[in-house]
Asks: 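Provided herewith is a single structure, encoded as structure tokens, for subsequent inquiry.
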Amino acid sequence: MGSPQAEEGRGAFLLLDPADNVLICTRDAAEGDTVAIDGIRVRLSQPIRLGHKIARQALRTGEKVLRYGAPIGSMTADAAIAEHVHSHNLASDYIPAHGRGGDIEGANI
Amino acid sequence: MDSSGPSFSGYLRADGRKGIRNAVLVAYLVECAHHVARRIVTACDDPAVQLVGFPGCYPNTYAAGMMEAIATHSNVGGVLIVSLGCEGFDRGSLAAKVAASGRPVETLVIQEAGGTLATIAAGVAAAKRIRAAAAQVRRVPMALSDLVVGTICGGSDGTSGITANPAVGRCFDALVAAGATCIFEETGELIGCEQVMASRAITPELGEAIEASVAKAVWYYTTLGYGSFAPGNADGGLTTQEEKSLGAYSKSGASPISGLIRPGEQAPGAGLYLMDVVPDGEVRFGFPNISDNAEIVEMIASGCHVILFTTGRGSVVGSAISPVIKVCANPETYARLAGDMDIDAGRVLLGQATLDGVGGEILDKVIAVASGEESRSEALGHQEFILTYKQFEASGPTCMPLAAHRSNA
């Protein structure tokens, strides 16, 4: 497990592997909370819930996202540092995810 | 038996295996017999008398094999078979297999026994006879090296791969080191982990078989149009199948992978095994596992005495036959559902526990439950069971290097 990131506000984030380009929320964070990412202080532009991911650095469309030091898919849109990384900008390289009611979300396949 | 380490009392079966429970199964062989079987179980009002069954009228080799494996499981002391009479399931063969295993078995055919009420009355009396006969089984000392332990995750979220799953991995490492047999699954939820898993296989050929099994899962799920990824996974912060997979994979710990087994096959010896739950051949009969209990039943059919179930969103299920121990990954979920959870792994996120510490707590709970303590789901009366249609080919020798080695020796 990586070391927790310094923060201001209630939220907390975790770097799981030195190679990762996303951080995992370990305590709910509010919009406007300040997160220190690798020494850079960034304000969150949206609330982030426990278990969700934010960008550790600016991520470009097509870039592989790494968690546990391993690829978990590719970006389908650009994301700024500290921006929420989820199904709106990240998709599987293998198989699509599905929402309630059976709608298929995008996959890079 | 290993003379060092913890010891508890087991039920000795004729084949030499030892059980930690002594259940009497009431098994219906088609949905048309389900109600009668359920009424028999309800009337017995005994947690050891448990309902299992298969709903389909068409025969299926996989389902028949699963029922035989379950009916002769080391946690099972006897079986009452409830048949309608005209279904495709071969009740005679099942009864013969149970009898050959040294267990008491009786069969009731509703069409011959006089219908619903007469069969329920006869069934309650039969279940009580079988229970009394099963109680005569010898108790013997049992060690961790006698245990088969499975693990599954259900209702995963972004915390599962950080807390509960790696903590179960620590427990699995300790169990394998103590000579136990451990089983993890499922290949469809390990998409993205195939290369690292292959590198842990005890032979290169087994590594290739593992990679092929994951490729089969990708093809199977792609054909069906859905991965093994539920909307709740995304609500909890997981975005992709491979992200969920990498978190799930950490349940396997760090031991070498000794084999790739199919549901109902018994592991040839101690060590860590991957279960391939995705059917072989053309896609038919639908999704490989329609819900978590389908996978739990498959691991039990491969001998699991106990199931370690990790959950982030909060599953409440248990199982017939073998106790389910719940390891909760998410501290918010634990606060809401504490009465359903055995282990609070979310404390790792709060700085109140370490992964090694929680892994030790899980091992202690396995020993306690093997010694007779009820898991939470067991105490709450959860005895879920589901078995549906599938199709498998027999495993080749590359999937079971230890068995191949022994048979060549």
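Chain identifiers are assigned alphabetically (A, B, ...) following the order of the sequence lines, protein sequences preceding nucleic acid strands; residue numbering begins at 1 within each chain.
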Asks: Closest approach of A:Tyr94 and B:Val218, non-hydrogen atoms and distance?
Replies: CD2-CG2, 4.0 Å
Asks: Looking at every non-hydrogen atom in both residues, tell me the closest pair between A:Ser92 and B:Glu242 and how far apart they are.
Replies: OG-OE1, 2.6 Å
Asks: Rounded to the nearest 0.5 Å, how far apart are OG1 of B:Thr240 and CG of A:Leu90?
Replies: 5.5 Å
Asks: Specify the closest pair of heavy atoms between B:Leu246 and A:Arg67, including all atoms of both residues, with the distance to one decimal.
Replies: CD1-O, 4.1 Å
Asks: State, with a plain yes or no, whether a side-chain heavy atom of A:Val85 is found less than 4.5 Å away from one of B:Thr239.
Replies: no
Asks: Just give me the residue among B:Ser245, B:Pro166, B:Gly237, B:Gly158 that pairs up with chain A most often, heavy atom to heavy atom, under 4.5 Å.
Replies: B:Gly237
Asks: Where the side chain of A:Thr26 meets the backbone of B:Leu349, is there a donor-acceptor pair that is under 3.5 Å apart?
Replies: no
Asks: Are more than 12 heavy atoms, taken from residues, nucleotides or ligands other than B:Gln352, located less than 6.0 Å from that residue's CD atom?
Replies: yes
Asks: Could you tell me whether a side-chain N or O of A:His52 sits under 3.5 Å from a main-chain N or O of B:Leu238, the two making a donor and an acceptor?
Replies: no
Asks: Taking C-beta and beyond as the side chain, do B:Glu243 and A:Val65 meet within less than 4.5 Å on heavy atoms?
Replies: no
Asks: Any side-chain heavy-atom pair from A:Leu50 and B:Thr159 closer than 4.5 angstrom?
Replies: yes
